[in-house]
Protein chains: 2
Amino acid sequence: MGRRRSQQVTLTDVAQLAGVSVATASKALNAKGEVAPDTRQRVLQAAEQLAFQPNVLARGLISGRTRTIGLLTDELAGRFSIPILLGAENALGNEQMSVLLCDARGDAIRRRHYIRTLVARQVDGFIVVGDSNDVRPSLGREIPVPVVYVYGQSTDPDDLSLLADDEGGARLVIEHLIAQRRRRIGHITGPEHYRAARDRVTGARAVLAENGLTLVGGEPLYGEWSQRWGRHATRQLLTAHPDTDALFCGNDQIAVGALQVLQEMGRRVPDDVAVVGYDNWEVLAADCRPPLTTVDLNLEQLGATAVLHLFAALDGNPTTGVLRQPCRLVVRESTGLAA
Amino acid sequence: MGRRRSQQVTLTDVAQLAGVSVATASKALNAKGEVAPDTRQRVLQAAEQLAFQPNVLARGLISGRTRTIGLLTDELAGRFSIPILLGAENALGNEQMSVLLCDARGDAIRRRHYIRTLVARQVDGFIVVGDSNDVRPSLGREIPVPVVYVYGQSTDPDDLSLLADDEGGARLVIEHLIAQRRRRIGHITGPEHYRAARDRVTGARAVLAENGLTLVGGEPLYGEWSQRWGRHATRQLLTAHPDTDALFCGNDQIAVGALQVLQEMGRRVPDDVAVVGYDNWEVLAADCRPPLTTVDLNLEQLGATAVLHLFAALDGNPTTGVLRQPCRLVVRESTGLAA
DNA sequence: TTGTAAGCGTTATCAC
DNA sequence: GTGATAACGCTTACAA
């Protein structure tokens with residue numbers, strides 16, 4: 001079956017209409033070799049007239065390049081892959097490249113399958129989107145083309161892993177809170193086995209220490225990435241330490257939970273307690289009450305950077321190691337506006 | 001550059017290793033023609049040994065089919081495209097087909113560009129994901145392969161549009177509320193220019209009428225799809241109609257806003273006022289307090305169905321018109337559990 | 001049963 | 001400057 005052969009316009013048709021050979025037509029269209037100006041004109045016009053679209057398959061067969069990259073993720077349904085994907089897709093589109101998308105859904109079998117598929121499809125490179133959790137096994141040996149790991153780190157230091165600078169993001173938060181004259185700062189975050197959670201704790205503690213401070217309660221409250229945990233931990237923390245004047249939350253959901261409980265407990269935000277989230281999940285952070293100061297991971301940027309490095313690798317200039325890209329503090333009312 | 005030619009395993013390599021011609025090797029691998037059992041064995045083993053992956057480009061060049069479909073969306077960042085995409089990707093993966101993803105971001109220029117790109121890449125078909133707003137112009141004439149429109153309807157009745165049954169979803173909600181002995185039901189929803197918003201109103205009113213009821217206040221409160229609007233409208237509605245005993249909200253965000261205000265006003269949910277959302281946006285609906293009864297659009301299913309129809313069209317059996325797929329009510333505590 | 005050869009649509013290498 | 005011709009990797013008549 002497939003498409004009707006007849007209705008597919010080929011270079012031969014264009015050449016015929018222009019009265020030249022396919023070779024000349026090809027050169028004219030690709031600005032290769034020397035073609036007489038008027039010949040080129042005729043060819044271009046013929047191509048235009050027939051709405052000629054060069055067959056990418058045939059091209060790829062010769063060049064060995066498909067101008068396609070494979071994007072492999074494990075959690076498209078989550079909210080981190082998408083911005084990365086968008087950033088990458090945008091950067092690729094500018095270079096006339098396309099994205100083959102595969103979501104392995106955390107299943108190793110599925111992942112293997114997709115890798116084989118993508119390799120068979122001759123993708124020029126891979127972008128592997130991980131999660132903010134631990135390092136993940138390198139796919140290195142299985143893949144004959146350049147790979148860039150984004151958001152989740154590869155175990156192999158010879159791979160390139162591109163991460164958000166979680167430690168730096170946490171530093172921004174604490175510096176901001178201290179600048180707002182907060183001194184008794186608590187930290188409620190997700191599971192301790194998340195690399196991102198630990199990194200943020202490290203960053204936060206560093207800045208606190210530089211200012212002669214410690215976390216309220218001494219330790220962060222590790223739990224889960226949910227509103228429910230945010231509510232629970234906030235209640236607990238404020239009961240034990242009623243003089244807490246700021247909460248740094250590990251993500252926006254936790255922060256929203258915190259806001260709810262603070263309101264219940266009669267604490268004003270930001271007057272009594274400042275609250276900071278993480279992720280800048282707009283639909284939550286900007287629409288809650290009060291709007292949430294939070295950290296933006298610059299994920300779109302991360303995706304775009306991944307593409308840049310992938311191109312470099314395709315050009316024979318691979319980068320290796322772990323690169324951390326700065327985050328950005330988004331200040332909203334929950335920490336008191338500058339005004 | 002492109003990949004090193006040398007390290008790409010080709011059918012020729014396999015044939016050589018097996019000591020047969022490429023033709024025989026091809027037949028053996030594709031179970032075509034008559035090949036001696038032991039010959040086939042040798043070929044299969046050689047292929048295995050070399051980890052041979054047939055070059056999809058070469059295959060596609062011959063067959064005219066690429067086993068690739070283009071998925072065109074306008075709002076990947078929103079939360080509707082993703083589940084549809086996942087459903088489609090899953091269904092396609094089962095048939096060894098892949099997805100080329102393009103997000104036009106609502107930009108017509110970009111959309112045209114992507115369409116050209118995808119056509120040049122010889123995709124076998126398109127899935128166009130729209131939004132729940134108005135009908136959108138058919139892309140019909142520009143595309144030489146089958147197209148299925150999902151979530152957003154095409155202007156052309158000769159196209160196939162696959163939608164969630166918004167009217168039916170609203171019916172489920174109202175029937176449920178009435179079964180819970182609610183009689184004074186208000187409706188707060190998004191902008192009136194959204195087709196989905198209007199359809200839901202229609203469905204809700206139909207069931208109310210069947211039960212001799214009307215919406216509290218007579219009219220739905222059209223606004224925006226935000227918590228903020230949910231808060232504002234709830235305050236307004238309950239002030240004007242203090243005896244309201246149920247709120248049907250146009251989406252989960254509005255419902256969350258409603259929950260907040262109800263708490264502030266000292267109304268218990270669900271005891272005094274039952275609240276229902278729409279979309280079953282898990283991370284919001286399941287994690288708020290109390291968890292939200294809401295309507296699930298079955299979007300993954302929608303994506304999978306789209307693929308089915310696309311396959312049918314590829315096999316020469318296209319469907320046309322508008323198909324509406326049922327929604328599903330997810331009952332949680334905000335309307336009182338069955339218990 | 002197996003191998004030879006043509007051809008898918010394009011680009012690259014040569015002669016002319 | 002232009003046009004045969006040979007690839008690219010694979011499938012498929014058709015011949016052996």
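Chain A is the first sequence line, chain B the second, and so forth, proteins listed ahead of strands; every chain is numbered from 1.
- Base engagement by A:Ala23 is indicated by at least one non-hydrogen atom pair under 4.0 Å involving a base atom.
- Among all heavy-atom pairs drawn from B:Ser138 and B:Thr155, the shortest one is N-OG1, 2.9 Å.
- No side-chain N or O of A:Thr117 forms a donor-acceptor pair with one of B:Gln96 less than 3.5 Å apart.
- Residue B:Leu11 contributes atom CG, which lies 13 Å from atom C1' of D:dC8 at whole-angstrom precision.
- Although no hydrogens or angles enter the test, the distance criterion places no donor-acceptor pair under 3.5 Å between the side chain of A:Asp315 and the main chain of A:Asn317.
- Nearer the 5' end of DNA chain C, as judged by each residue's closest nucleotide, is the contact made by B:Pro37, out of B:Ala58 and B:Pro37.
- The residue A:Thr10 sits close only to the backbone: its heavy atoms come under 4.0 Å of sugar-phosphate atoms, none of a base.
- Nearest nucleotide to the A:Lys27 side chain, out of D:dT5, C:dT2, C:dC14: C:dC14.
- The two residues A:Ala164 and A:Leu302 make their nearest non-hydrogen contact at N-CD2, 4.2 Å.
- Rounded to whole angstrom, the span from the CD1 atom of B:Ile62 across to the C1' atom of C:dG9 amounts to 11 Å.
- Across A:Asp74, A:Asp156, A:Asp131, a single residue satisfies salt bridge (Lys or Arg N to Asp or Glu O under 4.0 Å) together with A:Arg136, and that is A:Asp74.
- Separating the CG atom of B:Leu61 from the P atom of C:dC8 is a distance of 9 Å, rounded to the nearest angstrom.
- With rounding to whole Å, B:Arg42 atom CZ is found 14 Å from C:dT1 atom P.
- Of the candidates C:dT1, C:dT2, D:dG1, the closest approach to any side-chain atom of B:Thr39 belongs to C:dT2.
- For A:Asp13 and C:dG9, the CG to P distance is 9 Å, given to the nearest whole Å.
- Neither OP1 nor OP2 of D:dT2 sits under 4.0 Å from any side-chain N or O of A:Thr24.
- If you check the side chains of B:Glu75 and B:Ser81, you find a donor sitting under 3.5 Å from an acceptor.
- Taking atom CG on B:Asn55 and atom C1' on D:dG9, their separation rounds to 6 Å, with Å as the unit.
- Side chains of B:Ser98 and A:Arg121: a donor-acceptor N/O pair is present below 3.5 angstrom, by distance only.
- Each end of the helix from C:dT1-D:dA16 to C:dC16-D:dG1 gets its own axis from five base pairs, and the two axes differ in direction by 50°, given to 10 degrees.
- One can place CG of B:Leu57 at 14 Å from C1' of C:dT11, the figure rounded to the nearest angstrom.
- Distance CZ (A:Arg67) to P (C:dT11): 13 Å, rounded to an integer number of Å.
- Of the candidates C:dT11, D:dT12, D:dA4, C:dT11 carries the atom nearest the A:Arg59 side chain, counting heavy atoms from C-beta on.
- For A:Ser26, no side-chain nitrogen or oxygen approaches OP1 or OP2 of C:dT10 to under 4.0 Å.
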